[in-house]
Asks: 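One structure, pasted below without further comment.
Chain letters run A, B, ... following the sequence lines, proteins first, then strands; residues in each count from 1.
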Protein chains: 2
Amino acid sequence: MNWGEQLREHDIRITPQRQLVIETVERLHHSTSEEILAEVNKSFQGVNLSTIYRALEVLEDAGLVAHTHLGHGAPSYYIVDDSEHIHLVCNVCGQSECIGEGVANELRVQVHSQHGFDVDMGHLSIHGTCRSCTELAQFLEPAQIAAAR
Amino acid sequence: MNWGEQLREHDIRITPQRQLVIETVERLHHSTSEEILAEVNKSFQGVNLSTIYRALEVLEDAGLVAHTHLGHGAPSYYIVDDSEHIHLVCNVCGQSECIGEGVANELRVQVHSQHGFDVDMGHLSIHGTCRSCTELAQFLEPAQIAAAR
DNA sequence: TTCTAATTGAGATGTGTTCGCAGATGCGAG
DNA sequence: CTCGCATCTGCGAACACATCTCAATTAGAA
């Protein structure tokens, strides 16, 4: 099923702006609303930021895109496809990496059986310290690492 | 070691404002910056919101408090003590519950061995759908559940 | 083609957080 | 005890991100 049908199923009109947003989110893989706006405006200037937000909202309702919070700032939007993934976000350098959802299956099962809670894996961001920052921490203070990145 | 020594160790001055913030965060268990301000101002009016933020920042650096993102809005601050915990946040009703960190131990070990990534458990918020919202979803639309809470 | 409800652009508004600066204060040295 | 000064605070402005209002436009059913 393509995204056009998927939108019509949710009684969501198909507009050029929404098409642009979907294509852009797909192309950029992970992007903030501002980044999406900038990219969309490269081909069609005049598209408004509120339109981007509204498009992202309906597309998220329709299950076509999802978002997760990487840094402290704006959330990152990405296309929902067959390969769900989890984000590891480093608190020191701010970099993030995607990993398969396999490592959290045990967690998902336990949380569901013990608490009846259904985990949304796509939204899961794991914060901590990445390998290289852990190694650097032997020599530098966190602030110096953050400054050097 | 009490918090006074812990602050001095980090070359952080002890002030009434910081003492108030620590005590308030401890008392409220989970609270936003605005809630802390309101609570602090009950006993001492005139304390400024930026002071709260700055206090929370240094206290976090010193490892006395930590924060996690529960809803979409302001982060929640809490005292770091011996009992680390994880937050389950329901995307439908917005409620959150604390659970022991045990369920994520497997995850922590795997993420570390496979990716060299050191997970910050206190900051881990797991989003998804709670038990009661899963049950309600048989009868109601998500929007109706959110409205009814 | 016509009609209407959904959608859009533009800008105002809201919420949460940080900044810059002048004055106040904790606290170590004397 | 009191002095000196780096740090801290209050205040207001600025900032980042998100949402809302409203008139004009438009997708898509009839």
Side-chain angles (χ1 to χ4, degrees), chain A residues 3-22 24-25 30-38 40-41 43-62 64-77 94 143 146, chain B residues 3-22 24-25 30-41 43-62 64-65 67-77 94 143 146:
Chain A
W3 59 262
E5 297 171 41
Q6 222 160 326
L7 287 187
R8 251 174 260 124
E9 253 193 14
H10 287 260
D11 289 320
I12 295 171
R13 284 192 188 165
I14 296 168
T15 69
Q17 289 88 339
R18 285 171 180 170
Q19 181 169 346
L20 278 166
V21 170
I22 294 181
T24 305
V25 172
H30 284 85
S31 45
T32 66
S33 43
E34 296 281 355
E35 288 167 350
I36 295 166
L37 177 70
V40 164
N41 275 345
S43 27
F44 296 88
Q45 31 128 307
V47 178
N48 197 273
L49 183 57
S50 14
T51 304
I52 305 287
Y53 277 110
R54 286 183 287 222
L56 288 170
E57 191 186 344
V58 297
L59 294 175
E60 212 161 352
D61 284 348
L64 282 164
V65 309
H67 79 270
T68 191
H69 299 268
L70 297 185
H72 289 120
S76 265
Y77 292 86
Chain B
W3 57 262
E5 298 171 38
Q6 221 161 328
L7 287 187
R8 252 175 260 125
E9 251 193 15
H10 287 260
D11 288 322
I12 294 170
R13 282 193 188 163
I14 294 168
T15 68
Q17 290 88 338
R18 286 172 179 168
Q19 182 169 345
L20 278 166
V21 169
I22 294 181
T24 305
V25 171
H30 284 85
S31 45
T32 65
S33 42
E34 295 282 355
E35 288 166 351
I36 295 167
L37 176 70
E39 189 68 17
V40 165
N41 275 344
S43 27
F44 295 88
Q45 31 128 309
V47 177
N48 198 272
L49 183 56
S50 10
T51 303
I52 305 288
Y53 277 110
R54 286 183 289 220
L56 288 170
E57 193 187 345
V58 298
L59 295 175
E60 213 163 351
D61 284 348
L64 281 165
V65 309
H67 79 270
T68 191
H69 299 268
L70 295 185
H72 288 120
S76 265
Y77 292 85

Asks: How many Å lie between CG on A:Asn48 and C1' on D:dC22, as a whole number?
Replies: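 After rounding, the reported distance stands at 13 Å.
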Asks: Below 3.5 Å between N/O atoms, which protein atoms pair up with nucleotides 15-18 of chain D? Just atom names and distances, please.
Replies:
residue	atom	partner	partner atom	Å
D:dA18	OP2	A:Ser33	OG	3.2
D:dA18	OP2	A:Tyr53	OH	2.3
D:dA18	O5'	A:Tyr53	OH	3.4

Asks: Suppose we screen for salt bridge (charged side-chain N to carboxylate O under 4.0 Å, His left out). Which residues come up paired with B:Glu39, at least two apart in sequence or across chains?
Replies: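 Per chain and number, B:Glu39 pairs via salt bridge (charged side-chain N to carboxylate O under 4.0 Å, His left out) with B:Arg27, B:Lys42.
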Asks: Identify the 5'-most and 3'-most nucleotides of DNA chain C with at least one atom closer than 4.0 Å to a non-hydrogen atom of chain B.
Replies: C:dG16 to C:dC27
Asks: Calculate, to the nearest 0.5 Å, the distance between atoms CD and CD1 belonging to A:Glu57 and A:Ile12 respectively.
Replies: 10.0 Å
Asks: One character per nucleotide, please: for nucleotides 23-30 of chain D, 5' to 3', B when the base has a protein heavy atom closer than 4.0 Å, S when only the sugar-phosphate does, - otherwise.
Replies: ---BBS--
Asks: Using a 4.5 Å cut-off on heavy atoms from C-beta on, say whether the side chain of A:Tyr77 contacts that of A:Glu60.
Replies: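 When only atoms from C-beta onward are counted, A:Tyr77 and A:Glu60 do touch, with a gap below 4.5 Å.
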Asks: Which atom names give the shortest non-hydrogen contact between B:Leu49 and B:Ser33, and what distance separates them?
Replies: CD1-O, 4.1 Å
Asks: So which heavy atom on B:Ile14 is nearest to which on B:Leu7, and how close?
Replies: CG1-CD1, 4.2 Å
Asks: Enter the distance from B:Asp11:CG to B:Asp61:CG here, rounded to the nearest 0.5 Å.
Replies: 12.5 Å
Asks: Below 4.5 Å, heavy atoms only, C-beta onward: do B:Leu20 and B:Ser43 meet side chain to side chain?
Replies: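 They are in side-chain contact.
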Asks: Search all heavy atoms of B:His30 against all heavy atoms of B:Glu35 and return the closest pair with its distance.
Replies: O-OE1, 4.0 Å
Asks: With distance as the sole test, does A:Arg18 use its side chain to make a donor-acceptor pair with the main-chain N or O of A:Arg13 at under 3.5 Å?
Replies: yes
Asks: Ignoring hydrogens, what is the shortest heavy-atom contact between A:Val25 and A:Ser31? Give both atom names and the distance.
Replies: CA-OG, 4.4 Å
Asks: Of all of residues 54-61 of chain A, which get a heavy atom below 4.0 angstrom from DNA chain D, listed by number?
Replies: A:Arg54
Asks: Looking only at non-hydrogen atoms, find the nearest pair between A:Gly46 and A:Asn41 and report the distance.
Replies: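 Result for this residue pair: N-OD1, 3.6 Å.
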Asks: To the nearest 0.5 Å, what is the distance between CZ (A:Arg8) and NE2 (A:His10)?
Replies: 12.5 Å
Asks: Do you know which two heavy atoms are closest between A:Ala62 and A:Gln6, and how far apart they sit?
Replies: O-NE2, 4.0 Å
Asks: Kindly indicate whether the side chain of A:Leu37, heavy atoms from C-beta on, has any atom under 4.5 Å from the side chain of A:Thr24.
Replies: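 Not in contact.
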Asks: Whether the side chain of B:Thr51 engages the backbone of B:Val47 through a donor-acceptor N/O pair (distance < 3.5 Å, no angle test) should be reported.
Replies: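 No; zero donor-acceptor contacts below 3.5 Å.
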Asks: Over its full length, what angle do the end axes of the helix from C:dT1-D:dA30 to C:dG30-D:dC1 make, each axis taken from five pairs and the result rounded to 10 degrees?
Replies: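 Terminal axis comparison yields 30°.
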